[in-house]
J.: 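Have a look at this one before I ask anything.
Counting begins at 1 with the first residue of the sequence. What's counted below: heavy atoms across the whole structure, side chains too, no hydrogens, waters or symmetry copies. These figures come from a predicted structure and were not determined experimentally.
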Amino acid sequence: MTGLSAYNPIQQTLSSVSVIKPGRLNGDYGTGFEGTFKSELDKHSAPVGAAANQANPHIQPRIIDRTSKLYEKSLEMESYIVKQMLSSMRKTVMRANGEQSYAEQMYEDMLYDEYATAMTKNAGFGLADQMYLQLSAGGVDVNA
C-alpha cells in the first residue's frame, strides 16, 4: 500500500471553528494580543507612556490589569491607530519601480499590520493604558 492510497481526505479536514480563535474573523491570521500578559504582576501594574504623565498631584495613581479582556481590546485599538499612522507614512514613500501589483499591496499591508502589533507591544505609547483607565472608570464591560 502506498502513501497516496492510505490518504483519506475526510479524516484530514479541519473546520474553521477548530482553527480560528473566538473573536477573530475567518482569514485573520495576524498575531494578536491574546495571552500577551500572563504574569501575576501584570494584574497590578502602573500605567506607562502618556498615561503615566499625570500633571495633577491630586489624582490618585491607578492600577492597570493587563491580563483583562478590556486591556486586550484597548491594545487592539492602539494597534489600529498605530496602523493608520504607519499607513499614512507609507503613502509618502516614492516607489522606484512604479505601481505595485495587488499581491504586493496586500502583502505589504499585512506586513504593516504586524509592524503595528509589534510596535504596540513594545513601544510603550500609553494609548491603551489611557483607554483602559477611561473605560474602566466608567464601569464598561466588554463582554456585555
Side-chain angles (χ1 to χ4, degrees), residues 3 6-144:
Y7 177 73
N8 184 349
I10 296 172
Q11 293 177 345
Q12 300 297 323
T13 59
L14 292 172
S15 68
S16 61
V17 175
S18 61
V19 176
I20 300 171
K21 296 175 186 166
R24 302 297 294 259
L25 298 173
N26 193 6
D28 186 7
Y29 301 112
T31 56
F33 298 99
E34 184 177 347
T36 301
F37 298 100
K38 301 176 191 174
S39 170
E40 192 63 34
L41 296 174
D42 291 330
K43 292 186 179 198
H44 309 287
S45 60
V48 296
N53 298 328
Q54 295 181 357
N56 191 343
H58 303 291
I59 295 177
Q60 286 282 9
R62 299 192 41 211
I63 301 299
I64 294 179
D65 180 6
R66 296 187 193 282
T67 61
S68 70
K69 197 72 159 166
L70 178 60
Y71 191 74
E72 180 182 325
K73 296 302 176 187
S74 298
L75 282 172
E76 288 179 15
M77 184 64 186
E78 179 180 331
S79 178
Y80 177 75
I81 293 169
V82 171
K83 168 74 165 70
Q84 293 303 313
M85 178 187 68
L86 291 175
S87 294
S88 295
M89 292 168 61
R90 186 175 71 181
K91 289 177 187 176
T92 65
V93 175
M94 299 288 288
R95 305 268 176 217
N97 59 351
E99 292 293 315
Q100 289 181 306
S101 70
Y102 177 74
E104 288 174 325
Q105 289 174 357
M106 186 172 59
Y107 177 78
E108 191 173 278
D109 194 50
M110 291 188 317
L111 176 66
Y112 276 77
D113 282 339
E114 293 301 314
Y115 284 159
T117 302
M119 287 175 71
T120 300
K121 286 180 180 178
N122 298 314
F125 293 119
L127 294 174
D129 290 5
Q130 286 180 318
M131 284 184 259
Y132 176 87
L133 292 173
Q134 286 293 316
L135 293 173
S136 63
V140 173
D141 183 14
V142 292
N143 297 322

J.: With sequence neighbours excluded, what pairs up with M77 under the side-chain contact (heavy atoms from CB on, under 4.5 Å) test?
T.: I81, M131

J.: Quick check: closest heavy atoms across T120 and S79, and the distance to 0.1 Å?
T.: OG1-CA, 3.2 Å

J.: Checking S101 now: which residues fulfil side-chain contact (heavy atoms from CB on, under 4.5 Å) with it, not counting sequence neighbours?
T.: A103, E104

J.: Please list, chain by chain and in numerical order, all residues satisfying side-chain contact (heavy atoms from CB on, under 4.5 Å) with Q130, sequence neighbours excluded.
T.: A50, A51, L127

J.: Sorted by first residue and then second, give each salt bridge (charged side-chain N to carboxylate O under 4.0 Å, His left out) pair with at least one member in residues 79-90; sequence neighbours left out.
T.: K83-D109, K83-D113, R90-E108, R90-D109

J.: Please report the interatomic distance CD(E72) to OG1(T67), rounded to the nearest 0.5 Å.
T.: 10.0 Å

J.: For L70 and S136, what are the C-alpha separation, side-chain angles and deciding distance, and is it a side-chain contact (heavy atoms from CB on, under 4.5 Å)?
T.: CA-CA 8 Å; L70 178 60; S136 63; 4.1 Å; yes

J.: Quick one: side chain to side chain donor-acceptor pair (under 3.5 Å) partners of S68, sequence neighbours excluded?
T.: none

J.: For the atom pair CE (M89) and OG1 (T92), what is the distance rounded to the nearest 0.5 Å?
T.: 7.0 Å

J.: The criterion is side chain to side chain donor-acceptor pair (under 3.5 Å); which residues satisfy it with Y71, sequence neighbours excluded?
T.: R66, D129

J.: Rounded at 0.5 Å granularity, tell me how far CG in L75 sits from CZ in F125.
T.: 12.0 Å

J.: Looking at residues at least two apart in the chain, or sitting in another chain, which of them share a ring-ring contact (aromatic ring centres under 6.0 Å, His included) with Y112?
T.: Y115

J.: Which residues pass the ring-ring contact (aromatic ring centres under 6.0 Å, His included) test with Y107, not counting sequence neighbours?
T.: none

J.: What distance do I64 atom CD1 and L133 atom CG have between them, rounded to the nearest 0.5 Å?
T.: 4.5 Å

